[in-house]
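Throughout, protein chains are lettered first and strands after them, A, B, ... in sequence-line order, and every chain is numbered starting at 1.
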Amino acid sequence: MSEFDLGRFEEEAHERWLHAFESNPSNREKYYITVAFPYPSGAMHVGHGRTYIVPDVIARFWRMRQKQVLFPMAFHVTGAPVVGISKRIARNDPKTIHLYRDLYKVPQNVLEEFTNPLTIVRHFAAEYQRVMTSCGLSIDWRRRFITVDPTYSKFVEWQWKHLYEAGHVIKGVHPVRYCTVDDNPVGDHDLLEGDKAEVIKFTLVMFRFGDAFIPTATLRPETIHGVTNLWANPNVTYVKALVDGNAWIISKEAAEKLVLQDHTVEVKEEIPGKDLVDKNVSHPLCGTVPILPADFVDPDMATGMVMSVPAHAPFDYIALRDLQQQGKYTQIKPVPLIKVDGYGEVPAQDAVERAGIHHQMDSRMDALTQEIYSAEFSKGKLFVKFGGKPVRVAREEMAQEMLNKYDSVVMYEFDSRPVICRCGNKVKVKILHDQWFLKYSDPAWKQQVSDHLKDMALVPPEVRTEFDRTVGWLKDWACTRRVGLGTKFPWDPVQLIEPLSDSTVYMAYYTIAHKIREIDPKLLTPEVFDYIFLGKKSPDLPEKRKLDAMREEFLYWYPYDFRFSAKDLISNHLTFQIFHHVTIFPKDKLPKGMVVFGMGLLNGAKMSSSKGNVFLLEDAVSEFGADTVRMFLTGSAEPWQDFDWRNELVLSTKKQIERFYATITELKGAQGEPQDIDRWLISRLQEHIVKMTAALENFQTRQALQEASFGIETDLKWYRRRLPEGCDGSRELATLCSVWTRLLAPFIPFTAEHLWRELGNKDLISFAEWPVADEKLINSKIELSEELLARTVEDIESIKKLIQITPKSLTIVLAPAWKHEVFRTIAQSTDRNTVIKEIMKNDTMKKRGKEATDAAKQCTTLIHRLPPHVVEPLAKEPLNERAVFEEAQAFLEHEFGVPVHIVDAESSGHAKGATALPFKPAIVIE
RNA sequence: GCGAGGGUAGUCAAGCCAGGUCAAAGGCGCUGGAUUUAGGGUCCAGUCUCGCAGGAGUUCAAGGGUUCGAAUCCCUUCCCUCGCACCA
């Protein structure tokens, strides 16, 4: 007997697996699975571990089902994050250094090289491969690539040529969050503050002020007729600037912003805010109005000047009222222009007074503004003298009219502030030109995706609605970038293809990755890929032989059967890839299915590298062993559920494997003669095989493990309990050992590989045949007998506990034949309400009277309580209970340590005998 | 705020779609017992409340409804997770 030593099993297996999982086209049926490849900017933690281990279990399962399985892996290195990381390391940023040196344990000399972003991803890609291998992932590593390989770039260019020709790539203008210090657009990741802020399109209403304009930003241009004044902040210094050749008076901040939004701006002079107060401005649509002072005007909001509509804007109303209470500007009256149900003549006044608000700093002001805004937008109508149109129509028309006739321009601004970049600078809105988009908004394209989605298998099924929603919701996607690593954008080579957009059909690339390397990238024209993937012939193709081999690989493997990824990728990658597939590939090469994963927790908290709340996969493997990690990650939750890594639970998983190992080692040599109970065990085993196989076909790793691990373990316990004294099992156990080891092999391949050899097999268990249930070995009669016995034992135990006497003997009283008949009649009946009446029509039953009615009632209750797998066979034919208990008499006497008598109710004379029912004998303890 | 998915005993979790097999599987934890020099391991039993005969009562976020019958179906409220984009 060899000792349980996971470390040693791992070494043994790695040696034997070295090239074992390299997979080539064959005459077997193929099974191709892919996982979203990692962006290797740091070390792998146990959360990553599950993402790759679950597919590996599935791969191993189908491999044993004798499919030709392909499970490849590559590394996604395109994008900007590592560029930022390398910069931070170059300037010795303490947080970054701490993360990489102390948490990810990068050696000092390697860390020094990290000033080059490519070094980072290369280092961690190698690291990933090493750790993945140590976990026993059965990956075909010949197909590994990274997304900056020149060959891969050629593939991306080919892909984009098709997208472009299909009209899905368009050029546009786009407002983005922008940091002027970094000179770069700012993503959510790069924000210190303000990630909720949205870019809003304002219309600037241009008021004439002498020879200059005062532009005020508004979301409600339709209220221009109600303007009574402007607001300027007397404490702010404004500037007069030439904007596109016209003089504007705006805040300093606004001048800086406008530069980023396609305007030439030349600041001429400064004007203190107080100098503007009480001056008059005019607009063709509202006439001449004064500028009033207001401290609430924020120079950093749009132009720093605001138009005031006190009748419809609570802020304006209350600010004006405050001034008037000081006796100033009393001649100004709010000018209403919108009628809205539920409010009086002057809605803003109405709302403020109803809410009992007394000053502008009241915290409810924002909500109130929102309330009026929504009410007027959804139900409001302009007065007839202003056109009488609904607000939602008038707003758009008025904005357009102002832009056309009244010098208005558009300005973009955030709806809330502050918005701060990670560098500490304020983020502004910049209009990007030469920005390219993938036109995901195209209804025809969406339709193609929706149509295909219907044919795809989605696991778990609940995610389907989310996919449908995402397809409907997707807008155009900005697909070019100016920084980071990546493939040059073919129609504008200063730009790069955005990293999510270069990774949508790479699953096809895996099929040829190991062969295309042999060809000089310069020769890889789009025609070459058209031939490999689409079968399009063209003259002068290079290396025709190699191309044919690749075409053969592609045709064999593609489409992929399942793609695995975490659920946070539904709204981008997982949906994008369908868009790209439907454009490029023919119908029979479109993806077949997806499995969406839940998230990982560590001791109940979300795993996060930046917060340091991670447990590195490598540490987990060395501490607990690869099989333990695998079994825990696949067994503690189904793949789509969130899982929680807790060391104490992992430890108990390890014990479980040890127990399994010890059991097999102990049982494999059993030589006893098979007994009835062996037939029971083998019968049960067939059912475990069926259930476990079904579970794995449905990706239910947890369910499968429960079936194969605890299910079989529990059976064995009963089996051993039932064995006659001095017998340690029969040679049938050899079958069980072989089956059990194979069932667990996908989960704990290292231990299984070792045991498989111990069981006398020369070949790898990784390729051994998956157990198939033999219907003929299923013996429901024996199972029923054992169930009766087990239930009776349970009953005896619970009675024993209740009465608390030392029993001297045990009598099992069997129900009479007529009760069996009643039981059967009820079990067979479809209408359980009338069946009792039917029974009582029978003469012999009538004679028994109340005894029979009671028995019928009790049987009905019992039948409700018993599981169907018990009731069904009993409905067909009665079980010979006497035989069951006589066979088990020795067992029962041994269990309870007292003599056991088995008697029939009618001859026993025991009062208790009357309660005996089929499948529930009466028990008398004396 | 909008969209999607959830809330089950100490805890993790099955059951829910196809209502009665549900006081509700299984794991972990805890308690007691057996084995053991001890610990560990293993085995047995218990783990909502009451009960000295296998039973009864009250439970499945909260409240209401449908039904002979609801953890399961419908409605409302509260709470949690994920996504909301130019980012992997």
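- In this structure, A:P921 reaches the bases: a heavy-atom distance under 4.0 Å links it to at least one base atom across the strands shown.
- For an aromatic pair to be called close, the ring centres must be under 6.0 Å apart, and A:F699 with A:W640 fails this.
- Map A:F437 and A:R646 each onto its nearest nucleotide of RNA chain B; the residue landing nearer the 5' end is A:R646.
- A:A637 comes within contact range of no nucleotide atom at all, as no heavy-atom separation falls under 4.0 Å.
- Taking a pair to require two hydrogen-bonding distances under 3.5 Å in either a Watson-Crick or a G-U wobble arrangement, B:U35 pairs with B:G41.
- B:U42 and B:G55 have their C1' atoms separated by 34 Å, with the value rounded to a whole Å.
- A:K717 comes within 4.0 angstrom of the backbone, heavy atoms only, and of no base.
- Taking the ring centre of A:F891 as origin, the terminal cationic atom of A:R722 falls inside the region bounded by 6.0 Å and 45° from the ring axis.
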**OP:** Could you walk me through whether A:K691 and A:E687 pass the salt bridge (charged side-chain N to carboxylate O under 4.0 Å, His left out) test, one step at a time?
**Re:** CA-CA 6 Å; A:K691 284 192 187 151; A:E687 285 158 308; over 6 Å; no
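- Checked against the 6.0 Å centroid criterion, the rings of A:F37 and A:F75 do not qualify as a close aromatic pair.
- Nearer the 5' end of RNA chain B, as judged by each residue's closest nucleotide, is the contact made by A:R720, out of A:R720 and A:W477.
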All N/O contacts under 3.5 Å from nucleotides 28-30 of chain B to the protein, with atom names and distances to one decimal?
none

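- Of the candidates B:C44, B:C82, B:C87, the closest approach to any side-chain atom of A:K567 belongs to B:C82.
- Comparing B:A61 with B:U8, their C1' atoms are spaced 10 Å from each other, to the whole Å.
- Among the heavy atoms of the strands lying under 4.0 Å from A:L500 is at least one base atom, whether or not backbone atoms are also near.
- Side chain to side chain, A:H573 and A:T575 fail the donor-acceptor criterion of an N or O pair below 3.5 Å.
- Base-pair partner of B:A70: not found among the strands shown (Watson-Crick or G-U wobble, both distances under 3.5 Å).
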Scan nucleotides 5-9 of chain B against the protein and return all N/O pairs shorter than 3.5 Å with their distances rounded to 0.1 Å.
unit_1	atom_1	unit_2	atom_2	d
B:G5	OP1	A:T465	OG1	3.4

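- In this structure, of B:A13, B:G54, B:G83, it is B:G83 that holds the atom nearest to the side chain of A:D568.
- Comparing B:U72 with B:C60, their C1' atoms sit 10 Å apart, to the nearest whole Å.
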Subject >> side chain to side chain donor-acceptor pair (under 3.5 Å) between A:D476 and A:S441, intermediate numbers included >> reply: CA-CA 5 Å; A:D476 294 344; A:S441 65; 2.6 Å; yes
Subject >> Verdict with reasoning, A:R702 to A:E707, per salt bridge (charged side-chain N to carboxylate O under 4.0 Å, His left out) >> reply: CA-CA 9 Å; A:R702 174 196 165 92; A:E707 202 55 54; over 6 Å; no
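- Applying the side chain to side chain donor-acceptor pair (under 3.5 Å) test to A:T701 and every residue at least two apart in sequence or in another chain returns nothing.
- Comparing the P positions of B:G46 and B:U37 gives an interatomic distance of 28 Å, to the nearest angstrom.
- Rounding to the nearest 0.5 angstrom, the gap separating the CZ atom in A:F489 from the CD1 atom in A:I497 is 6.5 Å.
- Among the protein residues, A:H76 comes within range of the sugar-phosphate backbone only, with heavy atoms under 4.0 Å from sugar or phosphate atoms but none that close to a base.
- Base pairing annotation: B:U76 forms a Watson-Crick or G-U wobble pair with B:A62, both donor-acceptor distances under 3.5 Å.
- Across the C1' atoms, B:A23 and B:C43 are found 27 Å apart, a figure rounded to whole Å.
- Partner assigned to B:G55 is B:C50, using Watson-Crick or G-U wobble distances below 3.5 angstrom.
- Closest approach of A:R50 to A:E638, counting heavy atoms only: NH1-O, 3.4 Å.
- Taking atom C1' on both B:C44 and B:A56, the two are 27 Å apart, rounded to the nearest angstrom.
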